[in-house]
Amino acid sequence: MFDISRIFENSGEQMDISCEMSSESTRGLKGIAFVRPASLSGKVANRAGIVTLSYTASGTITTQCDRCLKDVVRDFEYGFEHVVVRSVQHDNDEYIIAEDGMLDMDSAALDDVLLELPTKNLCSDDCKGLCPVCGADLNVTKCEHI
Ligand SMILES: [Zn+2]
Ligand SMILES: [Zn+2]
């Protein structure tokens, strides 16, 4: 959590953000595990009354190959930019809400990274997958069904 209330109050004000995503916030994610906490770095700045958060998230995740279910390790580095508001009247996913001036980087970064991660995960582009009948890993073995 970052207290960014002073950023809201003064145009031209800015603050560097540098932290690691807490592992608490990534617990219980389906099919994805962070190998190490993602590092987040960037800044919050007030330009002419508009507060923007821009940052880079980088880390390593493991997920499973869609075809053979083998673990796939993937490094990522994504850049994000959002307008930060203290409250929002209408639902707007583009905005990050910092209630009472408190910016929750964990939840913001988790949402961002999950949206950005590819929905398809393959251990290799030509992964042969598992036999639908006996479940043999066809990358390493042949079975009678194919
Ligand atoms: Zn595979
Ligand atoms: Zn088979």
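Whatever order the structure lists them in is the order used to number ligands and atoms, beginning at 1.
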**Request:** Would you give the angle at the Zn ion (ligand 1) between Cys65 atom SG and Cys123 atom SG, to the nearest 10°?
**Result:** 110°

**Message:** Can you classify the ring geometry of Tyr55 versus Phe80 as parallel (below 30°), tilted (30 to 60°) or perpendicular (above 60°)?
**Reply:** tilted

**Asked** Among Asn121, Val73, Val113, Leu117, which one satisfies side-chain contact (heavy atoms from CB on, under 4.5 Å) with Ile61?
**Response** Leu117

**Message:** Between Asp16 and Ser18, do the side chains contain a donor N or O and an acceptor N or O under 3.5 Å apart?
**Reply:** no

**Fill in**
When every non-hydrogen atom of Ile17 is compared with those of Met105, the smallest separation belongs to CG2-CG, 3.9 Å

**Request:** For the Zn ion (ligand 2), find the closest N/O/S atom belonging to His145 and write down its atom name.
**Result:** ND1

**Request:** May I have the angle between Cys134 SG and Cys143 SG with its vertex at the Zn ion (ligand 2), rounded to 10°?
**Result:** 110°

